[in-house]
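Both backbone and side-chain heavy atoms feed into the values below; hydrogens, waters and symmetry mates do not.
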Amino acid sequence: MSSQDLDTAPAPSPPSARGPGAAGRTAPDPAGCTGRGRAWLVPALAFVVTVLLGVAGLGTPERLANGGYTASGTESERANRLLADRFGGGSPDLVLLVRAEGGLDTARARAEGRQLTLRLARAPGVGGVRSYWPGGAAATDPALRSEDGTRALVTADLTGADRDAARTAGTLVPELTGHHGALRVQATGPAWVSVEAGRVSQRDLVRAELVAAPLTLLILVLALRSLVAALVPLVIGVVAVVGTVALLRLLSYAMPVSVFAMNLATALGFGLAVDYGLLLVTRYREELRTGKPVAVAVERTARRAGHTVAVSACTVALSMAALLVLPLPFLRSMAWAGMAVALLAAATAVLLVPPVLNLLGTRVDRWDPLAAPRGRHRTRPRAPRADSPAWRTVARVVTRRPLYYGGGCALALLLLASPFAHVHFGLSDERVLPAHTEAHRTSQAIREGFTSRAERNLTVVLPDVDVADDRAALSAYERRVAALPSVVRVAGVPAPTSGALWASPDGPARAARGDRVRVAAPPGPGAVLTVTGPEDPQSRAGRDLVKRLRALPAPGERLVTGRAAYLSDTRDAVRGRLPLAAGIVALTTWAMLFLLTGSVLLPVKALVVGALSLGTSFGLMVHVFQDGHLREAVGEFTVTGTLDMTMPLLMFVIAFGLAIDYEIFLLSRVKEHYALTGDNRQAVVEGVARTGRLVTTGALAVAVVTGALATSGVTLLKLLGTGLAVAVLVDAVLVRGVLVPACLTVAGRANWWTPAPLARAHARISARTGLDESR
């Protein structure tokens, strides 16, 4: 036998693998037909449950809403709540842009404008309205008039949570927009953005599924060389997606769930389920090729690969759990959804695949579309080799010169990550929607036509000040605010339910001289100032203005809110909790990999390499979505010059979980061969050869599923889809194929070193849980 034959021949099963008493057992039916009637029970039950879950998930999209991108429990949130409760103000949920034929101040325009305002104010679910055309004898509000005098604004505060506000907007906007006499009305605002985001994401989800499912099947067929084998992971993925949709509906009763959770959770659930199904099918076919009967092959697959799936799913879920400590409702809802989806995908694969394999028996290798015909008959189906000759060659080359190849790979990853060094974080707004949507077009028109647009304003709430008694102190404070750098205008805010406060209508120059217009004061204490700041509220100048306002002495308690304040508070809140989140990811991942491998060093190496591999995606996010390069490659989107700060966090935990997923696949096989031979380098080569095709096939499937999100019109989904697809492909090819084998080779026997107390603890845990796959 040649050395090549020795390298590619299946490893003999050690006697201990059969377990005690194996010799006395009756050999199972080789065809896998024994108990065939009972074998249908689990798949049949799974079909019924899937149908019921599909029915339960039908109403899921209506229960989702947009929002939750800013930190909770901050000063800006408290100020906004106080504005709404005491002054009838706060950030509006719905904004109507109104153009009047013949001018805004004609008798017809005023009458129809007031009628529109009254109709909106009387609608169910509307808590308060502010309009350019107020009722009664009140004068028009110049702050709600465009610079050219052709358009005006009507804003509304909607009652209830984000989901309730979106439902109200979905009912009101179609009735209020369009032509109404001399008025032409368009809509935007957070509530209408939520409605349109839901509609666009649902259309994108259908398109992504239509693209992803056939491509995934094609990849699996080409990799497994069998249509029957390829259908097993695909079916598991479909079952997981149906369960995911029902699961999201269940979660929506306990917490607000993002409108984008449907797209991301179904993509993640489908990708993980296909990965786990592929691992189980691959291991089962490998067991069959060693001559084992079907029942024994299924049992060994469920025990060895099933344990790997369980550890992988727990690791992904624990990685997602790190988001729970961050004070962002959007990330918390995505964390719960991701944790549940990972466990659901694993449960579906572990519970359903073994019975299906037992039913299929040796027929799992049938219908190879690549089999060459011979005359009128095809050749006998022949499954691909258990190992990959190409990946075996790569592993041998890398392990001969590990420092050279490993160092070069690490340097390449660092260079690709370098654009992330100039990342500029911001908050998402209506510009995440396609440019043709009404909310995006209307907001852009407001941004271009109104100087005092809401996003530039910071609101200062003075809850304990008495406007009449503390007039001098208020005047002095107003002058100090107007004198701050980058302040354009300072004005009072009218309280819709109790009259206006007081105002400085002509900018900082007159405000500094104390020229004010005195109008009716609200009942009880409290005053409000609106400070118009820099053109870009998410710039450094905007954040600096927030800091100066909060440091400026004020007459009594002072609370600052507004877009720049929300950004500043959210950045500070995330920065304060980020070390805890990172610690949770590191500790839980180390613990799960230690349980799997029994090594102290391997989990640490996995953490470092996993973090390094994600730098590529982070650099890509900045290069494409912040800086606006390569837009033609991913499709049109609006470049804002910022990245939503939730996206790197969300992408990190998902991509890191997937990276550790592939790490587990590889390490479990390396450990298994090291336990048999004691040769570290040969175990690394064998592990890469045995998992190379599996990892690359799984990564391609996940890249197709997540990359389908890149076709979305929503920038957040496009960013996540592109970033995750790049992350899994880079991890599967460069990291698992080059960097990890190089690191394992350099470490040598140190890979498997464990202090004696930890070694004893691991042995006890392995004996109780069956995590030791070398047995």
Side-chain angles (χ1 to χ4, degrees), residues 208 211-213 215-216 218-220 222-223 233 237 240 263-279 282 308-309 312-313 315-317 319-320 338 341-342 345-346 391 409 412-413 416-417 585 589 606-607 609-621 624 633-634 647-667 688 691-712 717-740:
V211 170
L215 284 178
T216 302
L218 177 62
I219 291 170
L220 293 174
L222 292 177
N263 303 69
L264 189 59
T266 53
L268 180 62
F270 185 81
L272 285 175
V274 168
D275 257 3
Y276 297 152
L278 178 63
L279 173 64
T282 301
T308 303
V309 168
S312 172
T315 305
V316 173
S319 177
M320 295 291 295
V341 163
W391 279 114
C409 183
L413 293 176
L416 292 172
V585 171
T589 302
L607 289 169
V609 170
L612 182 61
S613 70
L614 292 181
T616 302
S617 292
F618 284 5
L620 178 72
M621 284 198 307
V624 176
V634 297
M647 291 301 104
L649 297 170
L650 182 58
M651 198 181 79
F652 176 84
V653 295
I654 296 175
F656 185 80
L658 291 172
I660 298 301
D661 192 31
Y662 300 138
E663 180 84 2
I664 289 171
F665 291 177
L666 174 60
L667 290 183
V688 172
T691 61
R693 183 187 293 116
L694 168 66
V695 169
T696 50
T697 302
L700 276 174
V702 172
V704 165
V705 174
T706 57
L709 295 176
T711 64
S712 173
L717 294 177
K718 187 185 292 290
L719 186 154
L720 273 174
T722 305
L724 289 174
V726 170
V728 296
L729 290 177
V730 169
D731 189 83
V733 178
L734 283 180
V735 177
R736 298 310 134 199
V738 179
L739 187 56
V740 171

J.: Can you list the steps and then say if V316 with L658 is a side-chain contact (heavy atoms from CB on, under 4.5 Å)?
T.: CA-CA 7 Å; V316 173; L658 291 172; 5.5 Å; no
J.: Taking only residues two or more places apart in sequence or in another chain, which ones pass side chain to side chain donor-acceptor pair (under 3.5 Å) with S712?
T.: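 Partners of S712 under the side chain to side chain donor-acceptor pair (under 3.5 Å) test: D204.
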J.: When you measure from the side chain of T266 to the backbone of N263, do you find a donor-acceptor pair of N or O atoms at a distance under 3.5 Å?
T.: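 The answer is yes, because a donor-acceptor pair under 3.5 Å joins these two groups.
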J.: What pairs with T697 under side chain to side chain contact (heavy atoms under 4.5 Å, CB included), at least two apart in sequence or on another chain?
T.: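 Applying side chain to side chain contact (heavy atoms under 4.5 Å, CB included) to T697 gives I219, L220, A223, L278, R693.
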J.: Taking all non-hydrogen atoms of both residues into account, name the closest pair between V728 and Y662 and its distance.
T.: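 Here V728 and Y662 meet closest at CB-CE1, 4.4 Å.
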J.: Do L279 and L694 touch side chain to side chain, with heavy atoms closer than 4.5 Å?
T.: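 Yes; the side chains approach each other to less than 4.5 Å.
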J.: Taking all atoms of both residues into account, what is the closest heavy-atom pair of L413 and S613, and its distance?
T.: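 Result for this residue pair: CD1-CA, 4.3 Å.
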J.: Not counting sequence neighbours, which residues clear side chain to side chain contact (heavy atoms under 4.5 Å, CB included) with A240? List them please.
T.: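 Result, side chain to side chain contact (heavy atoms under 4.5 Å, CB included) vs A240: A273.
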J.: For residues 702-711, dump all side-chain donor-acceptor pairs below 3.5 Å to protein atoms at least two apart in sequence or in another chain.
T.:
{"residue": "T706", "atom": "OG1", "partner": "V702", "partner atom": "O", "Å": "2.8"}
{"residue": "T711", "atom": "OG1", "partner": "A708", "partner atom": "O", "Å": "2.6"}

J.: Return the set of residues passing ring pair (Phe, Tyr, Trp, His ring centres under 6.0 Å) with F618 (not counting sequence neighbours), or none when no residue passes.
T.: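 So F618 forms a ring pair (Phe, Tyr, Trp, His ring centres under 6.0 Å) with F420.
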J.: Can you check side-chain contact (heavy atoms from CB on, under 4.5 Å) on V730 and L416, steps first, answer last?
T.: CA-CA 11 Å; V730 169; L416 292 172; 5.7 Å; no
J.: Identify the heavy atoms of A699 and L729 that sit nearest to each other, and give their distance.
T.: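 Nearest heavy atoms, A699 then L729: O-CD2, 4.1 Å.
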J.: Within the 4.5 Å heavy-atom criterion, are V695 and W391 side-chain neighbours or not?
T.: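 Of all side-chain heavy-atom pairs linking W391 with V695, none is under 4.5 Å.
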J.: On a heavy-atom basis, which atom in V309 and which in A346 lie closest, and how many Å separate them?
T.: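 Distance-wise, the nearest heavy atoms are CG1-CB, 3.8 Å.
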J.: List the residues meeting side chain to side chain contact (heavy atoms under 4.5 Å, CB included) with V738, not counting sequence neighbours, and say none if there are none.
T.: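 So V738 forms a side chain to side chain contact (heavy atoms under 4.5 Å, CB included) with V398, Y405, C409.
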J.: How would you list, by chain and number, every residue that makes a side chain to side chain contact (heavy atoms under 4.5 Å, CB included) with T589, sequence neighbours excluded?
T.: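 Checked T589 against side chain to side chain contact (heavy atoms under 4.5 Å, CB included); matches are T315, V585, L593, L607, F656, I660.
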J.: Given side chains that start at C-beta, do those of V624 and T722 come closer than 4.5 Å, heavy atoms only?
T.: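 Answer no - side chains too far apart.
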J.: Could you report the tightest heavy-atom contact between K718 and V634, atom names first, then the distance?
T.: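 So the two residues come closest at NZ-O, 2.9 Å.
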J.: Atom CG of L719 and atom CE of M621: how far apart are they, to the nearest 0.5 Å?
T.: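 It is 5.5 Å, given to the nearest 0.5 Å.
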J.: Of the non-hydrogen atoms in A701 and V274, which two are nearest, and what is the gap between them?
T.: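 Of all heavy-atom pairs spanning A701 and V274, the closest is CB-CG1, 3.9 Å.
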J.: Could you give all pairs that pass the salt bridge (Lys or Arg N to Asp or Glu O under 4.0 Å) test and reach residues 723-734, with sequence neighbours left out?
T.: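 Of all non-adjacent pairs touching residues 723-734, those that pass salt bridge (Lys or Arg N to Asp or Glu O under 4.0 Å) are D731-R736.
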J.: Spell out, as yes or no, whether a donor-acceptor pair under 3.5 Å connects the side chain of S617 to the backbone of A727.
T.: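 It does hold such a pair.
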